[in-house]
Structure formats: structure tokens, C-alpha cells
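In what follows, a structure is listed as C-alpha cells, so that the remarks can point back to it.
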2 protein chains.
Amino acid sequence: MKQAAPASDDGLKLSAWLPYRLFLVAAQVARPLESFYSETFGLSQAGWRILAVIAERDAANASEIGRACALDPFAVSRGIGQLADLGFAVRRPGKTDRRFAAVSITRSGRTAFNRIAGLGGAIEARLLARLSESERNTLDSALTRLEGESARIDAVGWRALLDDAGTP
Amino acid sequence: MKQAAPASDDGLKLSAWLPYRLFLVAAQVARPLESFYSETFGLSQAGWRILAVIAERDAANASEIGRACALDPFAVSRGIGQLADLGFAVRRPGKTDRRFAAVSITRSGRTAFNRIAGLGGAIEARLLARLSESERNTLDSALTRLEGESARIDAVGWRALLDDAGTP
DNA sequence: CACAATACTTGCACTTTGCAAGTATATGTG
DNA sequence: CACATATACTTGCAAAGTGCAAGTATTGTG
């Protein structure tokens, strides 16, 4: 917990606030990758995320994809539509239950994925190069817990968060 | 018949890819805060960022604000306009050079800021509660270096990144 | 004083997003 | 077996956000 610093404000300094710092790194690192896949393949961010999911998980349905890359059903539907238009994915009705579509990556989809993943890997490597071995391990395990906690924070909503803050 | 062929991919697993993990935490944590300030005050994300900047830095001009919260001049101008409409900020022409506007937070702007910052602090506290003291220190120093490296990554663009990847 | 430079600001086209309503399929229920 | 209900998307459209060209106001320069 923090101490309130100057007279009248609650002492939240944007540049030192953990969520903003995480956002900044994520946003700055996402921009070059995003211009790459959007200029090169005409992919949207949702399209790229879905491509990455179906690259490692064949014949996924829309809800699985949404869960795996944190997209709502609308975005997933549109993203799959985009990938299908580009020839990077195909959707077939599911074998047993035809309400579920089975989405699979195509050969050219995988080629595109590999090119984007190459750049993604290079970016990650540059970031990791700035950290020591032990820092990487700490960051890895810390991020795992932060992922869990942020999911809970998201799930409970701001009303509950303010209540908790009032009764510590 | 098609086979899932993970043999041929570059092994970038979205859920283990550092930039995605940072993005996920940042996005999940930003959502409740965003719905709070947008429902309660009608603030946009840019509006909130600018409010946070002028809460700690009085009479800033638009470029300073943009630099402090990573917004382009258009977004800053519109955000300030929104804050002015809401009565959370005022802009006056600068004392010496009247091209520069001096943006200041109003009393009601500070009240709003304090309410949002309260929730922001509660969110950060929940995240930090998941980490040990030494993890917080490691995360803090690691993030500082990641901020620097991500700014460089953003600055050089994807062409340079791919060249580097080819010639290590 | 003409002209360029700076610091925003606005208008407008274009894109993205959120959500209501729609389609197709499956699963009870009387 | 008809019919209501539920599930899994999908589409249409309006609202919101974004990007950029052009505009305004002000200051520096030859």
C-alpha cells in the first residue's frame, strides 16, 4: 500500500503505477508487430491473436478461441471471417454438434504465422536480453500470479473493488 | 484428411509470450477502472490519462502532457477538450508564449481524480499483495529496463527488428 | 513586413466496437 | 412430434474512436 504524498491528492503517479507501466511496455512492443502484420498481411490484432491460437490448437471452436486469447464472441467471429477471407483459416461445421464450427489454419496461414512469430520472437528476445536469468524466473512466476489476480479483478468489477478498499 | 502439424511452426505460444502476458494483465486490470470512470464521469481513457498527468503537474502544455502519457497531439487536444467540457480542467494561453496552452486541473477535476486514483490504488494493491517484497523490487527494476527497451523497439520499427534477427 | 516555424485545433473520412436482433442447430417437455 | 428453450455463433447498424489534411493563432527570422 502507498502513502499519500502531496497535500490534496491520492498520490497516484501515473508513471509509477504498476498497471500503467505494464500497459506502456505492452503497447510500445505491440506497435511494431502490429504495423508489420497489418501492412504485410492486412491482419487486425484480433486476426493475429486468433491465428496464433489456431496455429497451436487445431479445429478449435469460437468459444475456445475466445477463451484462449481474451476476445469476445463478436470479435472472434469477425476475426475468423477475416482469416477466412485472407485464406489463412477455414471453418467447417463441427462433427457431432454442427453449432460449433471447427476452425483450422491453412498452409498459407501457417506461413504467415511463422513470419509474424519470427518477429514476435525477436522482440521477446530483445526484452529478455535486458534481464538476468534470475530476473526472468522471478518475472515469469510473478506474471503467473498477476495473471490470476488480474482475472479476478476483472471478474469482480469496480463496485466490489471499492467495497474491499473501504473495508480492509 | 488434414493433420494438425505443430512440427512446422516457429513455436511461439501466445500464452507464454512475454508481450502477450504483459498485455493481458494490463488489459484485464484496465477494464474495471475504465468502466468506473466512463460510467461515473463520462471520461475516455485519454481523458483519464491526461487528468492523472495534470493532477501532479500544474499548468502543463499539450506536448508535455502527450509525452507524459504517450498520447499523440490530436488525442491530447481532444482529451483536454473533454476535460474542459466536464469542468475538470481549464486551459489558458501561456504567459510568455501564447501558442502554448497552460492546462490546469480544477477542484472538481481533482475530486474526480482522487476517486479514480482510489480505485486505481486498490487495484494496484491487490496485484502487489500477490508478490513478495523481493519480487516487487525485482519487478520494479526489471520493468524499468523493459520500458527503456520497449521504447527502443518501438522507435526502430519492424524492418530494423527483422534485420537484427537475421544478423545476430 | 513577408514568410517560415511552432503549437495546437478542427473537420471529415474511415475503422473499430458494442449491442440488438437474427440464423442455425440441439435439447428438453407435454 | 410439435413447440418452447437453450446454445453457438453471425450480422447489421449506430456510436465511439482514429488518422490525417487542412486551418487558426502566435512567434521567430531575414
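No hydrogens, no waters, no symmetry mates; every other heavy atom, side chains included, goes into these values.
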query: Going by atom types alone, do B:Gln45 and B:Arg49 pair a side-chain donor with an acceptor below 3.5 Å?
result: yes
message: Under a plain distance cut-off of 3.5 Å, with no hydrogens placed, do B:Ser141 and B:Arg145 share a side-chain donor-acceptor pair?
response: yes
When you compare the protein's N or O atoms with those of nucleotides 3-7 of chain D, which come within less than 3.5 Å of each other, and at what distance?
unit_1: D:dT7; atom_1: O4'; unit_2: A:Arg99; atom_2: NH1; d: 3.4
unit_1: D:dT7; atom_1: O2; unit_2: A:Arg99; atom_2: NH1; d: 3.4

Using a cut-off of 4.0 Å on non-hydrogen atoms, how would the nucleic acid contact of [X] be classed: base, sugar-phosphate, or nothing?
X: A:Ala101; answer: sugar-phosphate
X: B:Thr96; answer: sugar-phosphate
X: B:Ser63; answer: sugar-phosphate

- request: Give the ring-plane orientation class for B:Phe36 versus B:Phe41, where under 30° counts as parallel, over 60° as perpendicular and anything between as tilted.
  value: perpendicular
- request: Using the rule that two of Ile, Leu, Val, Met, Phe, Trp, Tyr join whenever any of their side-chain heavy atoms come within less than 4.5 Å, decide whether A:Ile123 and A:Tyr37 are in one cluster.
  value: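 They do share one cluster, since a chain of ILVMFWY contacts under 4.5 Å joins A:Ile123 to A:Tyr37.
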task: Could you state whether B:Leu146 and A:Leu143 fall into the same hydrophobic cluster, counting links through intermediate Ile, Leu, Val, Met, Phe, Trp or Tyr residues with side-chain heavy atoms under 4.5 angstrom apart?
output: yes
May I have the distance from [X] (atom [atom1]) to [N] (atom [atom2]), rounded to whole angstrom?
X: A:Arg31; N: D:dT18; atom1: CZ; atom2: C1'; answer: 13 Å
X: B:Leu71; N: D:dG17; atom1: CG; atom2: P; answer: 13 Å
X: B:Glu34; N: D:dA16; atom1: CD; atom2: C1'; answer: 12 Å
X: A:Arg91; N: D:dA8; atom1: CZ; atom2: C1'; answer: 12 Å
X: B:Ile50; N: D:dG17; atom1: CD1; atom2: P; answer: 13 Å

message: According to ring pair (Phe, Tyr, Trp, His ring centres under 6.0 Å), who are the partners of B:Trp17, at least two apart in sequence or on a separate chain?
response: none
Residue closer to the 5' end of DNA chain C, B:Glu64 versus B:Arg78 (nearest nucleotide): B:Glu64
- request: Would you kindly compare A:Asp72 and B:Asp97 by the position of their nearest DNA chain C nucleotide and give the one closer to the 5′ end?
  value: B:Asp97
field: side-chain hydrogen bond (donor to acceptor under 3.5 Å, both in side chains) between B:Arg21 and A:Thr144, intermediate numbers included
entry: CA-CA 9 Å; B:Arg21 299 183 72 189; A:Thr144 302; 3.0 Å; yes
query: Where does the chain A footprint on DNA chain C start and end, counting 5' to 3' with a 4.0 Å heavy-atom cut-off?
result: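 Reading along DNA chain C, I get C:dG18 to C:dA26.
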message: So that I can tick it off, tell me whether B:Glu147 and A:Arg130 are bridged by a salt bridge, with the cut-off set at under 4.0 angstrom between side-chain N and carboxylate O.
response: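 Judged by the 4.0 Å cut-off on N to carboxylate O distance, A:Arg130 and B:Glu147 do not form a salt bridge.
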message: Less than 4.5 Å apart, side chain to side chain, heavy atoms only: is that true for A:Ile50 and A:Leu71?
response: yes
